[in-house]
Amino acid sequence: MSDNNRHIEIIDKRPFFEKALSFGLQNHILDQEKCRAIVVDGAKGTVQVAAHFGTSHLHTDLENARQRIVNLVSLYLEHTYSGDLRKAAESLRDNTFLSHSRGGNEMLKALHAMPESAIIGDTKAQPVKEFQDERTLAKPFSLNAYRKERQAREDAAATIAAALWFAKSMGLPQSSLDFVGAETIIRTALLVRLGQGGAFPNRIEFARLIDAIRTKSVAGGKLKLPKKILGDLPPEYLDIAEKIRREIEKHDAPLMADATMALDVLLNLVEARYFVQESDMEDIGDFDALVSKEWHKVTKGKEDPYSRLTIFMCIAAGAKPKTTVSESEARAMIRQVRQHGFDNDAVSTFIKNSAPFEIKDNLLSLWSDEFLPDAEEYLVDDSDPKYTRAMKFLRENCNIKTKEPGKEKK
């Protein structure tokens, strides 16, 4: 067996403080007098930490406190000196043990003070004492874990700061942003800039913005967010905004540029990723009319089941969709379906492409599950040559104009 095969790697799992202490003794950086001072300081600090988290009298609390203080010192030394044992040992020589413990504790408090996520105004889910408790005992921070969490929190703080800059520049008060995702604000701001500027939109204004942007993109063949829309940003926010600009181009732009996708379907897919101000109740009708233009063109505002089924029946029979038909038109539809069957796919396609998103499933069920099975029984019935039963069924379920006034269902 070669020497290379006999090599065994030794993994030192001791806390960094113990490594630095051993290195200092072996290399004559620390002497016995300094070690005795560290022991005295450590004992004093252990009692203080035990009293903070529990009691300074129980053996278990004292042992836990000893582990905590060693972990705090280790975190401070390894972070401050980037794992350099010589510099860490020199720091133990030149400074008190408790100053290192306080340094580690200050690192944890500073970390806790940073936002946990890029949610504006989000309250701290975890008290600082509980935060310290978790990170100093059962699973103490490794240097990598500490730096990873610090980076994530710094990124969140920077994203919030960028979002607040956009909000202020567009006249949106911070008081209206509690518990709002910072990235949603930046996303919306970039789309507003792409649409030639303005204020943060409400729901109908956001729908109009998306509609205008996608119309422009279809004309141009693709949707791009040029970097020039970031031209006036302060340097510290450029990287954050640029990252979100690229994300919009990658994930949302292809959806917006898809001319075959209904506007309400598109909004349902992307709206949650954007900040949209609350709309007044009177805007709801305008919103529905905008996102479901074809539906409102056909229904003319009639949303009762009879009008809807009349429209679906017309489409299934290959006739122009109407909310009310005459008796002669009804008979013509019966003849059509007896000869060629119901064009169920045409009805489903109309609903999926044109109806408001929130009622699509209900409309599909109304047609396919509730109406169509009975319609196939009553309308396609050769034992009813004069359409007596078929017309009765249509009158009960659709709007059929009769010569007598007052018979049309409302």
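For F200 and F166, the gap between ring centers reaches or exceeds 6.0 Å.
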- Task: Any chance you could lay out the side-chain hydrogen bond (donor to acceptor under 3.5 Å, both in side chains) test for Q126 and E134, step after step, and finish with the verdict?
- Result: CA-CA 10 Å; Q126 191 177 37; E134 283 189 0; 3.0 Å; yes

- Task: Could you walk me through whether L194 and L223 pass side chain to side chain contact (heavy atoms under 4.5 Å, CB included), step by step?
- Result: CA-CA 10 Å; L194 181 65; L223 176 57; 3.9 Å; yes

- Query: Between L394 and K392, does a side chain to side chain contact (heavy atoms under 4.5 Å, CB included) hold up when you go through it step by step?
  - Reply: CA-CA 6 Å; L394 287 182; K392 182 176 183 293; over 6 Å; no

- Item | Working for side chain to side chain contact (heavy atoms under 4.5 Å, CB included), residues R193 and L230 | CA-CA 9 Å; R193 286 173 170 234; L230 308 179; 5.6 Å; no

- Given side chain to side chain contact (heavy atoms under 4.5 Å, CB included), test I210 with L191 step by step and report yes or no. CA-CA 8 Å; I210 296 295; L191 283 193; 3.7 Å; yes

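Side chains of T324 and T310 form no contact here, defined as non-hydrogen atoms less than 4.5 Å apart. When side chains are defined from C-beta on, L143 does not count as touching F16, because their heavy atoms never get closer than 4.5 Å. Contact annotation: the side chain of F17 approaches that of F97 to within less than 4.5 Å [non-hydrogen atoms, C-beta and beyond]. Looking at heavy atoms from C-beta onward, L72 lies out of side-chain contact with R102 at the 4.5 angstrom threshold. In this structure, the side chains of M313 and V325 stay at 4.5 Å or more apart for every pair of heavy atoms. With contacts defined as side-chain heavy-atom distances shorter than 4.5 Å, the pair R335/Y387 qualifies. Taking the side chain as every heavy atom from C-beta outward, L108 and L75 approach each other to under 4.5 Å. In this structure, K320 and C314 have side chains that are not in contact, with every pair of non-hydrogen atoms separated by 4.5 Å or more.
Ionic pairing of K401 and E329 is not present here: no N-O contact between side-chain nitrogen and carboxylate oxygen is shorter than 4.0 angstrom. A salt bridge between D264 and K360 is present, with a side-chain N of the basic residue lying under 4.0 Å from a carboxylate O of the acidic one. The residues E271 and R203 are annotated as salt-bridged, a charged nitrogen and a carboxylate oxygen being separated by less than 4.0 angstrom. Salt-bridge check for E249 with R246: failed, with every basic side-chain N at 4.0 Å or more from each acidic carboxylate O. With salt bridges taken as basic N to acidic carboxylate O contacts below 4.0 Å, one links R153 and E149. Comment: R150 does not engage D155 in a salt bridge, judged by the lack of any side-chain N to carboxylate O separation of less than 4.0 angstrom. Ion pairing between a basic and an acidic side chain is recognised when a charged N comes within 4.0 Å of a carboxylate O; D258 and R214 show no such pairing. Salt-bridge check for R187 with E247: passed, with a basic side-chain N closer than 4.0 Å to an acidic carboxylate O. A salt bridge is defined here as a Lys NZ or Arg NE, NH1 or NH2 lying under 4.0 Å from an Asp or Glu carboxylate O, and E327 with R331 fails to meet this definition.
A donor and an acceptor atom, one from each side chain of N105 and Y76, are nowhere located under 3.5 Å apart. With hydrogens and angles left out, the side-chain atoms of E236 and W165 include no donor and acceptor closer than 3.5 Å. For D381 and S383, the side-chain atoms include at least one donor-acceptor pair closer than 3.5 Å. Looking only at atom types and distance, the side chain of S348 has no donor-acceptor partner in the side chain of D345 under 3.5 Å away. Side-chain atoms of T349 and N353 include no donor-acceptor pair closer than 3.5 Å.
Between the R68 side chain and the V49 main chain, no donor and acceptor come within less than 3.5 Å of each other. Remark: side-chain polar atoms of N95 are paired, donor with acceptor, to backbone N or O of S91 under 3.5 angstrom. For the pair T215 (side chain) and D211 (backbone), a donor-acceptor distance under 3.5 Å is present. Within the 3.5 Å criterion, the main-chain N or O of F275 finds a donor-acceptor partner in the side chain of T188. With hydrogens and angles disregarded, a donor-acceptor distance shorter than 3.5 Å links the side chain of N71 to the backbone of Q67. Here the side chain of T80 pairs no donor or acceptor atom with the backbone of L77 at under 3.5 angstrom. Here the side chain of D343 pairs no donor or acceptor atom with the backbone of I315 at under 3.5 angstrom. For S176 (side chain) and P173 (main-chain N/O), a donor-acceptor pair under 3.5 Å exists by modelled atom type. The closest donor-acceptor contact from the side chain of T184 to the backbone of R273 lies at 3.5 Å or more, if one exists at all. Between the E205 side chain and the N202 main chain, a donor and an acceptor come within less than 3.5 Å of each other.
By the 6.0 Å contact criterion, CG on D374 is enclosed, its count of non-hydrogen atoms from other residues, nucleotides or ligands being greater than 12. Counting heavy atoms of neighbouring residues, nucleotides and ligands inside a 6.0 Å radius, atom CD of E242 exceeds 12 of them. The environment of CG in N268 is crowded: more than 12 heavy-atom neighbours from other residues, nucleotides or ligands sit within 6.0 Å.
Taking both residues in full, the closest heavy atoms of R245 and K227 are given as NH2-CE, 3.4 Å, listed atom of the first, atom of the second, then distance. Across every non-hydrogen atom of T323 and V298, the tightest pair is CG2-O, 3.8 Å. The minimum heavy-atom distance linking S74 with P15 is given by the pair OG-CB, 3.5 Å. Of all non-hydrogen atoms in A199 and V192, the two that sit nearest each other are O-CG2, 3.9 Å. Contact between S368 and P373 at its shortest, heavy atoms only, is O-CD, 3.3 Å. In terms of heavy-atom proximity, A162 sits nearest to I186 at CB-CD1, 4.0 Å.
The distance from atom CH2 of W367 to atom CG of L372, rounded to the nearest 0.5 Å, is 5.0 Å. In this structure, CD1 in I120 is found 5.0 Å from CG in L177, a value given to the nearest 0.5 Å.
Using cut-offs of 30° and 60° for the angle between ring planes, the Y378 and F393 rings count as parallel. Note on ring orientation: taking the six-membered ring where Trp is involved, the planes of F312 and F350 are perpendicular (angle over 60°, cut-offs 30° and 60°).
Scored by the side-chain contact (heavy atoms from CB on, under 4.5 Å) test, R66 finds T46, E63, V70 as partners (sequence neighbours excluded).
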